[in-house]
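Read the structure below first, then the notes.
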Amino acid sequence: MSIFISVASYCDPVLPFTLRRAVEQARWPQALHFAVIDQSPPGQPPLDPAALAPARLSVVTIDPVQARGPCWARALALSLYGEEDWFFQIDSHMDFDPGWDERLILQALDLQTVQRGIVISSYPNAFEL
């Protein structure tokens, strides 16, 4: 089982927190593959793949001056898809509950008993650092 996590980030200082929390709170962190389009200004510290172990990290870094919008960045992230079993698209400024990955997969499997090709969508709650 593997989970592709698409992240389009534009000048977001919360991005490293989001990625770390996703790994820390996952039931299966080794199943995660983050595909990040990081549109941060030059001079920002690069994302550290070791900080996300055992998850996998694929990053494309783009100067924000060259950015073409969130849909363009999401399309770039999708180009990093490695045929994982599950696709998850998130914002670069999120927090995660314990076992978020297992809960979403179980919800999807329950829905698939009724309908194939499902999409689960939500508007996440606000959080404070």
Side-chain angles (χ1 to χ4, degrees):
M1 195 252 331
S2 54
I3 306 168
F4 180 83
I5 304 172
S6 170
V7 187
S9 177
Y10 182 81
C11 300
D12 193 341
V14 182
L15 173 63
F17 167 85
T18 297
L19 301 178
R20 279 193 315 273
R21 286 288 289 184
V23 172
E24 291 168 359
Q25 298 299 324
R27 166 77 166 83
W28 303 295
Q30 71 282 359
L32 307 179
H33 173 202
F34 293 97
V36 178
I37 307 305
D38 186 7
Q39 302 165 100
S40 295
Q44 294 292 323
L47 294 172
D48 179 12
L52 301 178
R56 188 170 143 218
L57 176 64
S58 300
V59 180
V60 174
T61 304
I62 298 170
D63 189 305
V65 172
Q66 304 300 320
R68 296 182 187 167
C71 294
W72 173 77
R74 288 184 178 129
L76 283 177
L78 184 56
S79 73
L80 301 171
Y81 175 68
E83 304 208 15
E84 288 81 5
D85 301 312
W86 297 96
F87 179 92
F88 189 42
Q89 181 174 288
I90 66 170
D91 287 334
S92 56
H93 40 271
M94 294 182 65
D95 197 3
F96 294 83
D97 289 335
W100 63 268
D101 51 340
E102 181 178 34
R103 190 169 27 203
L104 282 173
I105 289 171
L106 290 175
Q107 288 176 357
L109 291 172
D110 283 346
L111 290 169
Q112 283 184 341
T113 62
V114 179
Q115 177 71 41
R116 300 267 321 140
I118 57 106
V119 173
I120 298 174
S121 178
S122 78
Y123 192 79
N125 293 329
F127 70 94
E128 291 185 34
L129 291 174

Geometric class of the Phe88/Phe96 ring pair [parallel <30°, tilted 30-60°, perpendicular >60°]: perpendicular
Close side-chain approach of Trp72 and Gln39, heavy atoms under 4.5 Å: yes
Hydrophobic cluster membership, Ile90 vs Trp100, 4.5 Å side-chain cutoff: yes
Closest non-hydrogen atom pair, Pro16 against Leu47: CG-CD2, 4.1 Å
Inter-residue atom distance Ser9.OG - Leu15.CG, 0.5 Å rounding: 4.0 Å
SB check Asp91 Arg74 (cutoff 4.0 Å): yes
Atom of Arg21, atom of Asp95 and distance for their closest heavy-atom approach: NE-OD1, 2.7 Å
Non-hydrogen atoms of Leu32 and Ala26 that approach each other most closely: CD1-CB, 3.9 Å
Shortest non-hydrogen contact from Ser92 toward Thr18: O-OG1, 2.8 Å
Atom of Ala55, atom of Val23 and distance for their closest heavy-atom approach: CB-CG2, 3.8 Å
Cluster check Leu78, Phe34: I/L/V/M/F/W/Y, side chain < 4.5 angstrom: no
Value rounded to 0.5 Å, distance of CG in Leu76 from CD1 in Ile37: 5.0 Å
Closest contact, heavy atoms only, Pro41 versus Gln44: O-CG, 3.1 Å
Cluster overlap Ile62 with Val59, hydrophobic side-chain contacts below 4.5 Å: no
Interatomic spacing from CD1 in Ile3 to CZ in Phe87 - rounded to 0.5 Å: 12.5 Å
Minimum side-chain heavy-atom gap Met1-Ile105 below 4.5 Å: yes
